[in-house]
**Q** 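Below is the structure I would like to discuss, written out as structure tokens.
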Amino acid sequence: EPKKRFTVDETMYNDPFIQDLQSKKEYIASGFRTDYVFDRILTEAFL
Amino acid sequence: YRHSSQYRFWSFTKDNLKQKRLETNSRATQKIEEDMKKFIGSQTLTNDELNITSTKAIPLTMEEELKLVNFYTQKVKVISQHLNLPTEVTATAIVFFKKFFIENSVMEFDPKELVHTTIFLACKSENYFISVDSFARKAKSSREAILKYEFTLLESLKFSLLLHHPYKPLHGFFLDIQNVLHDKVDLNHMGRIYDACRKRITESLLTDIIYHFTPPQITLAILLIEDEQLITKYLEIKFTGDENSHNIQLDKLLAIINSCKEMILSPDVVPTQDAKVIAAKNYYVQHPMVL
Amino acid sequence: EYSKEKKVGEGTYAVVYVGTQRSTNRQIAIKEIKTSEFKDGLDMSAIREVKYLQELNHPNVISLIDIFMAYDNLNLVLEFLPSDLEVIIKDRNILFTPGDIKAWMLMTLRGIHHIHRNFVLHRDLKPNNLLLSPDGMIKIADFGLARIMPGPRETLTSNVVTRWYRAPELLFGAQHYTYAIDIWSIGIIFAELMLRIPYLPGQDDVSQMEVTFRALGTPTDKDWPEVSSFPSYNKLQIYPPPSKDEFRKRFIAAPESALDLMNGMLTMNPHKRWDSSQCLQSVYFTELPPPSNPEDMK
């Protein structure tokens, strides 16, 4: 894996736009994961 | 990013971008001049008519083309926003339109005829599918007009549809700033600049920065415009000191970001009147008989 | 530069030919996209194929060699891949060694790992989309249903993946699923490689749920929080998950590590289901027998 220039540390983020989703039933049941979302947008930031 | 088609096919230095536009313009000019010769050869024109033709029906310069393209790119943005398309779909439509006129001249394709096609293809490509009939109704156009150049557009884009826009990097830096600056960040202030940055990103796509900078560099330039102090502090902590295992030289990064910022702050806004004059000239050069 | 010699397949939106690339004299496949068929211009499947194959470059993902317009048709020039896993599984003359199965699983997981780290969901993994090159390499193909991971507030359609390979969250109609759906499909393919028959062949979408839960147990809120919030959950027959012994009996020849890997891939709760990295790092791939060398496999 190429070395990433960031570490995903969800405890440091205040991001209700995303974090609120993990308490919604349909998101939990679907397998939704906030770390996947954070990883994606941080990867785009460090492309 | 270097593996992406966006970098491989669509990243240029300023010189070779200019070179590209000159090639496109001269190819179209050549064709126009040949047609003009045929036209003059096939008509019995009076001296006056000859005179008017040779002074008014002259091909556009590369600079004039660029003005006309920028004018219509603005229309792509306005129409996309009018259609309430998601921000990233609007951004894709803008970029598709601009790239089409890197490969093609406005003297070969009337930019008016590409506006809806680029928005329609952007919707499809970004999984925001609208059927061509309902799109035609909303855009007050026809399915034939919308589909007419879809293939040509795809080909001119060199079939590279996956675009990396600066919006996700903005969100990413929003997070990483919280991580790196810890509790020294006023979140309400961040929220305010976040929205301002999104708007500015869309505006910035109308310039040539998409060809010269990576999405994160554009984002950092825009963050620098919105809050220089915050970003400078963030970058210093992030890219200096022992934890800088990222092999990024801060001074080099800042130089790139600042040159990007300069470009963003000097957009080429085309007054409608100028665009009208150029569009008329473009029309006459393609329809000398009307002239 | 390219010749079209023989028509080898026809789908809803494309005709596939085998041909030759003049400059290298190598065999290629040409996927000619029909243009008139789709009333909304260029077909969405074609757009997806073009969009994702342009970005993906990996030994276990089919490579797009070139793309061009001809006679108003869009032509994708792809590497020539003469066979696929479905053909191999059905051909009883071909014996599978444990090393063969291990090699195919390793290559498939490497391919999906690359697709997922580019944030792309394949959404149609099944044996006949796992093509085989002349030197035995598995290549993931057919990106007609692929899409990039959506933004957090976007919804996804659950009507994807060929039924027998469809993950339980899709059967329930989930709209915020993740890469985990592709891992489930590969788990089902793993089972099919060992059984040589489809593992969960449902006749229709409803019976697919029945077949899946009868074989692997009906999920409960205990092991899959909020699963009962899916509208279609209430009408379900509750089946117990199979015991370890029962599960082992189904795959007599499989070593313990293979069963662990399959269990990881077929975990009901998508949150707990293994991702491609966990699969690739499982003991199954590091213990004997080693994966066969693709060149030596028939």
Side-chain angles (χ1 to χ4, degrees), chain A, chain C residues 55 58 110 113-114 116-121 147-158 160 167-184 219-221 223-233 267-278 280-281:
Chain A
E1 284 290 5
K3 181 157 174 23
K4 298 202 166 186
R5 291 180 178 139
F6 60 86
T7 46
V8 179
D9 182 350
E10 298 197 41
T11 59
M12 297 303 295
Y13 307 142
N14 175 305
D15 190 333
F17 179 77
I18 291 175
Q19 283 153 336
D20 291 355
L21 298 177
Q22 51 191 353
S23 54
K24 289 176 180 267
K25 286 184 190 303
E26 72 272 21
Y27 279 80
I28 299 168
S30 297
F32 174 81
R33 286 175 46 170
T34 48
D35 57 324
Y36 282 168
V37 179
F38 290 135
D39 181 52
R40 170 93 192 282
I41 47 185
L42 281 157
T43 302
E44 288 279 342
F46 291 94
L47 268 180
Chain C
E55 310 301 325
H58 188 275
R110 282 177 175 155
H113 175 70
H114 182 67
H116 287 173
R117 74 176 167 184
N118 278 283
F119 308 111
V120 176
L121 298 166
R147 74 156 287 169
I148 203 148
M149 269 293 273
R153 301 232 171 197
E154 277 181 77
T155 56
L156 290 162
T157 170
S158 59
V160 289
E169 60 268 32
L170 294 175
L171 296 173
F172 280 124
Q175 295 187 310
H176 307 284
Y177 50 82
T178 66
Y179 312 109
I181 63 157
D182 286 333
I183 298 296
W184 176 278
T220 63
D221 278 344
D223 52 276
W224 179 351
E226 302 304 348
V227 69
S228 61
S229 67
F230 282 119
S232 50
Y233 185 81
T267 300
M268 279 291 164
N269 180 353
H271 261 103
K272 294 181 194 149
R273 199 174 301 150
W274 288 12
D275 66 19
S276 55
S277 300
Q278 286 168 292
L280 283 167
Q281 295 171 63

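Order of the sequence lines sets the chain letters (A, B, ...), proteins ahead of strands, with each chain counted from 1.
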**Q** With chain A, which of C:Met149, C:Arg153, C:Gln175, C:Lys272 has the greatest number of heavy-atom pairs at distances under 4.5 Å?
**A** C:Arg153
**Q** Kindly compute the distance separating CD (C:Glu169) from CZ (A:Phe32), expressed to the nearest 0.5 Å.
**A** 14.0 Å
**Q** Give the ring-plane orientation class for A:Tyr27 versus C:His176, where under 30° counts as parallel, over 60° as perpendicular and anything between as tilted.
**A** parallel
**Q** With a 4.5 angstrom heavy-atom cut-off, which part of C:Glu226 approaches chain A: side chain, backbone, both or neither?
**A** both
**Q** If you compare all heavy atoms of C:Pro270 against all heavy atoms of A:Ala29, which two are closest, and at what distance to 0.1 Å?
**A** CG-O, 4.0 Å
**Q** Where on C:Phe230 is there a heavy atom nearer than 4.5 Å to chain A: the side chain, the backbone, both, or neither?
**A** side chain
**Q** Atom CG in C:Asp275, atom CZ in A:Arg33: separation rounded to 0.5 Å?
**A** 6.5 Å
**Q** Measure distances from A:Ile28 to the heavy atoms of chain C and classify the residue's part below 4.5 Å as side chain, backbone, both or neither.
**A** both
**Q** Looking only at heavy atoms, which of residues 37-47 of chain A get nearer than 4.5 Å to chain C?
**A** A:Val37, A:Asp39, A:Arg40, A:Thr43
